[in-house]
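One structure is given below, encoded as structure tokens.
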Amino acid sequence: MARPNGQIRRGQIINVFGPGALMDLPHHAAIVGGLDTWDWGGDDRKRKIIEPRLLSKIEAALERQGLAMWEPPADSQDPDAPPSGVVVYRFPEWFTAQYPMKGPQGQRTRPLVHRRNLITQTKWQGPDRKKYDIVPLRFVQACPNGHISDVDWYTFVHGIAVEGAEACRRDLFMDEWGTSGDLTEVVIRCDCGKTKQLIIALEDKTALGWCRGRRPWLGGSNSEPNCRDPKGQPTFNRLLNRSASNAWFPQVLSVISIPDEDEKLRGAVEKIWEDHLQYVASIDDLPGERKRAKVAAALEGYSNEAVWAEIERHRGGSSAAPAKTIKQAEIETLLASPDEIGQDKIEGDFHARRWRPAPPLEAIWNKIDRVVLIHRMREVVSLIGFTRFEPATNDIDGELAIGVNRASLADEVNWVPAVENRGEGVFISFKSEEVRAWRKRSEVSKREIELAEGFKLWKKQYPNSKADFVGAPYMMLHSLAHLLITQVSLECGYSSSAIRERVYAGDAGYGILLYTGSPDSEGTLGGLVEIGRKIDQHLRNAIELGRLCSNDPVCAQHSAKQLLEERFLLGAACHGCLLISETSCERFNQYLDRSLIVATVGATGAEFFTDQDLALP
């Protein structure tokens, strides 16, 4: 177990270095400890995040009631304060020693050393009695259920020992024949003469044996017995490069805080629940409690009857999950935003106003329904679990995929970590009738079928995935959001990696929300709001960006069904046009195709914006 002296941001705990994630410290490789190891240095330094709409979704996903959301622990500026932070455990426990030597055939080789054979935390003693540095081995084994452990290198090289025979425990070495690091050029060799290429661990699914359910992020030898795949069969270990991007995928839920009187009351009751309201036995006790200053301030404006109803609901242990999906509730609120009138007073967690342009209007406004300027907004993001090898992305409504076998953040999850970001944004809604008419065109249907065929090929590679094909409207809006992020970052004052997207494509409407936020109390420069006042110009420029890519005609003529490239979830999209920072994208840079937006050099006739739409008045 180790406590690094460095620091990371709270947001990174949610998205990058949560429980079960692998990280490199200055002198150790480590795995981040579970929620049970988190220490705030005292309850007075813990801060609860209140967002009933999100909490109800989390309780439904985890099938547990009475959960809470807490902000990750922060370092105190007081040097005399109790220590706080997140514990990490040393992992892996196998290393390569930086001992200069050549193999039997002149190949580069390094001794494989287990932690038990070290003379200090960072040194190994060689045959010459000198001390040598060690480097954590970059290969471990894991399974799709999130379990992870060191590879049993002795068994990998020699196979399972015959019953009654003594297993070989002579020195092991890692031989490298080339300089590329390709697994075909990496060999694990035993001093007894046995060897095995590391590539076999990838090609043979049984080479690393059955998964034993190891969960080192929960401490010690914690394990989850009977690890099974979705079909109920025992799960085999897979070789994993611990620094690879597929070593840890967070499963995150996020909502935009929107005004709702019921949620305001739930939030008010939650704030004073532990100190006051949990002891209220009947509605007759409320007048006495409201004489307390803290209670009176929290419940101001609410009747005793409404407060008592909320107390009974809260005591029942349910957050009363709303029937509406996350994005449905958000887009309905955005579409209902009042018009901008003069200089409105900006207050609260959510302040959005519809902006109406002055005539004459450009032709592109025939596609746009409305533009909403969000002067102030609050986003709450929570981590509820993680996966390995395959990301468990949310559906297009922002809901968690059903049936995902996520790894747990603790032995028993009673709370989940969350952060809140405050910032600004701009929402562009497109006319539903225009989107539906576009989708009915034969060229669009043909292109959608081709993209859906690519999704089927992807599904064959990931048969355990619960994902569904998102459809052409979502892909079109998603691709347009990426072009817009690239375009507006040139003027709005934020880098493209600081702007994020939320794409809405459902019965409630079609639109794109571009927003930015930070844990800072303000978190806004006003740049995105001003972008919204010139959105027609930025849309035109973004669409022009999509016409031509530096990789055309290869990019424009790419088919999602091409087997050799294995870019099954992408149409005309690459790093030269649509791919952006994954911190900005809600779909891990998947489901993109610029030919759905505008005609390209490999035109399919499926574009949403025609030359007439881009004509100037």
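Side-chain contact between H482 and L592 is present, with at least one heavy-atom pair separated by less than 4.5 Å. Between F386 and Q251 the shortest side-chain heavy-atom distance does not fall below 4.5 Å. For the pair L253/V380, no side-chain contact is recorded, criterion being any heavy-atom separation below 4.5 Å from C-beta on. Contact annotation: the side chain of R587 approaches that of V470 to within less than 4.5 Å [non-hydrogen atoms, C-beta and beyond]. No side-chain heavy atom of V503 sits less than 4.5 Å from a side-chain heavy atom of I396. For the pair V419 and P72, the minimum side-chain heavy-atom distance is below 4.5 Å. Here the side chains of I31 and I148 are in contact, with some heavy-atom distance below 4.5 Å. You'll find the side chain of T235 reaches within 4.5 Å of the side chain of P144, heavy atoms only.
Other residues, nucleotides and ligands contribute over 12 non-hydrogen atoms within 6.0 Å of the NZ atom of K48.
Judged by distance alone, the side chain of H114 and the main-chain N or O of R116 form a donor-acceptor pair under 3.5 Å. Between the side chain of S84 and the backbone N or O of A74, at least one donor-acceptor pair lies under 3.5 Å. At least one donor-acceptor pair closer than 3.5 Å links the side chain of E59 to the backbone N or O of G66. A donor-acceptor contact shorter than 3.5 Å is absent between the side chain of S408 and the backbone of D411. The backbone N or O of L514 lies less than 3.5 Å from no partner atom in the side chain of E501, so there is not a single donor-acceptor pair. Side-chain N or O atoms of T516 include one that pairs as donor or acceptor with a backbone N or O of A498 at under 3.5 Å. S584 places a side-chain N or O within donor-acceptor distance of the main-chain N or O of S496, the cut-off being under 3.5 Å. Of the possible donor and acceptor atoms, one in the side chain of T120 sits under 3.5 Å from a partner among the backbone N and O of T122. K57 contributes no side-chain N or O that, together with a main-chain N or O of V255, makes up a donor-acceptor pair within less than 3.5 Å. At least one donor-acceptor pair under 3.5 Å links the side chain of H158 to the backbone N or O of Y154.
In the model, Q141 has a side-chain atom that pairs as donor or acceptor with a side-chain atom of S149 under 3.5 Å. A donor-acceptor pair shorter than 3.5 Å cannot be found between the side chains of H478 and Q590.
Note that CD1 of I580 is 11.5 Å distant from NE2 of H575, once rounded to the nearest 0.5 Å. Note: S257 OG to E420 CD = 7.5 Å, rounded to the nearest 0.5 Å. Going from atom OG of S479 over to atom CG of L484 covers 11.5 Å, rounded to the nearest 0.5 Å. Taken to the nearest 0.5 Å, the CD1 atom of I331 stands 14.5 Å off from the CD1 atom of I326. To the nearest 0.5 Å, the span separating CG on N241 from CZ on F139 amounts to 5.5 Å. Within the model, atoms CG of L202 and CG of L239 stand 5.0 Å from one another, a figure rounded to the nearest 0.5 Å.
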Worksheet item: Going through the checks in order, is the side-chain contact (heavy atoms from CB on, under 4.5 Å) test met by I374 and L513?
Response: CA-CA 10 Å; I374 308 171; L513 170 63; 3.4 Å; yes
Fill in: Residue pair R64, E412: steps toward the salt bridge (charged side-chain N to carboxylate O under 4.0 Å, His left out) verdict
CA-CA 10 Å; R64 291 185 64 89; E412 185 175 350; 3.4 Å; yes
Worksheet item: Where do M174 and I188 land on the side-chain contact (heavy atoms from CB on, under 4.5 Å) test, with the steps shown first?
Response: CA-CA 5 Å; M174 177 177 283; I188 306 300; 3.9 Å; yes
Worksheet item: Which is it for R500 and T583 under the side-chain contact (heavy atoms from CB on, under 4.5 Å) test, yes or no, and what are the steps along the way?
Response: CA-CA 7 Å; R500 285 174 284 169; T583 58; 5.9 Å; no
Item to complete: List the steps and the verdict of side-chain contact (heavy atoms from CB on, under 4.5 Å) for V88 and F17.
Response: CA-CA 10 Å; V88 299; F17 297 120; over 6 Å; no
Discussion item. Walk me through whether E224 and R212 qualify under salt bridge (charged side-chain N to carboxylate O under 4.0 Å, His left out).
Written reply: CA-CA 7 Å; E224 193 174 33; R212 297 186 178 182; over 6 Å; no
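In this structure, N145 and C227 approach most closely via the heavy-atom pair ND2-SG, 3.1 Å. Contact record, V157 with C190: CG1-CB, 4.2 Å, taken as the closest heavy-atom pair. Scanning both residues, V16 and A21, for their nearest heavy atoms gives O-CB, 3.6 Å. Contact detail for R502 and Y515: the closest heavy-atom pair is CG-CE2, 3.6 Å. Closest of all the heavy-atom pairs between L35 and A410 is CB-CB, 4.0 Å. Of all heavy-atom pairs spanning P111 and W124, the tightest one is CG-CH2, 4.0 Å.
Cation-pi geometry between R388 and F249 is not satisfied (NZ or CZ under 6.0 Å from the ring centre, within 45° of the ring normal). With F236 as the aromatic partner, K205 does not meet the cation-pi criteria of under 6.0 angstrom to the ring centre and within 45 degrees of the ring axis. Geometrically, K123 does not engage Y132 in a cation-pi contact defined by less than 6.0 Å to the ring centre and at most 45° from the axis.
W38 and W40 have tilted rings, their planes meeting at an angle from 30° to 60° on a 0 to 90° scale. Aromatic ring orientation, Y591 versus F455: tilted (interplanar angle from 30° to 60°).
Aromatic pair F469/W458: centroids not less than 6.0 angstrom apart.
Of the charged side-chain nitrogens involved, at least one lies within less than 4.0 Å of a carboxylate oxygen, so that R10 and E71 count as a salt-bridged pair. Under the 4.0 Å criterion applied to side-chain N and carboxylate O atoms, E51 and R378 are assigned as salt-bridge partners. A salt bridge links E330 with R53; the closest basic N to acidic carboxylate O contact falls under 4.0 Å. Under 4.0 Å is where a charged nitrogen must lie from a carboxylate oxygen, and between D175 and R110 no such pair does. Between D24 and R242 there is a salt bridge, with a side-chain nitrogen of the basic residue lying less than 4.0 Å from a carboxylate oxygen of the acidic one.
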Let me check something: any side-chain donor-acceptor pairs from residues 91-99 under 3.5 Å, sequence neighbours excluded? List them with distances.
residue : atom : partner : partner atom : Å
E93     : OE2  : R115    : NE           : 3.1
E93     : OE2  : R115    : NH2          : 3.3
T96     : OG1  : V135    : O            : 3.4
Q98     : NE2  : T96     : O            : 3.3

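T206 pairs by the side chain to side chain donor-acceptor pair (under 3.5 Å) definition with D204, not counting sequence neighbours.
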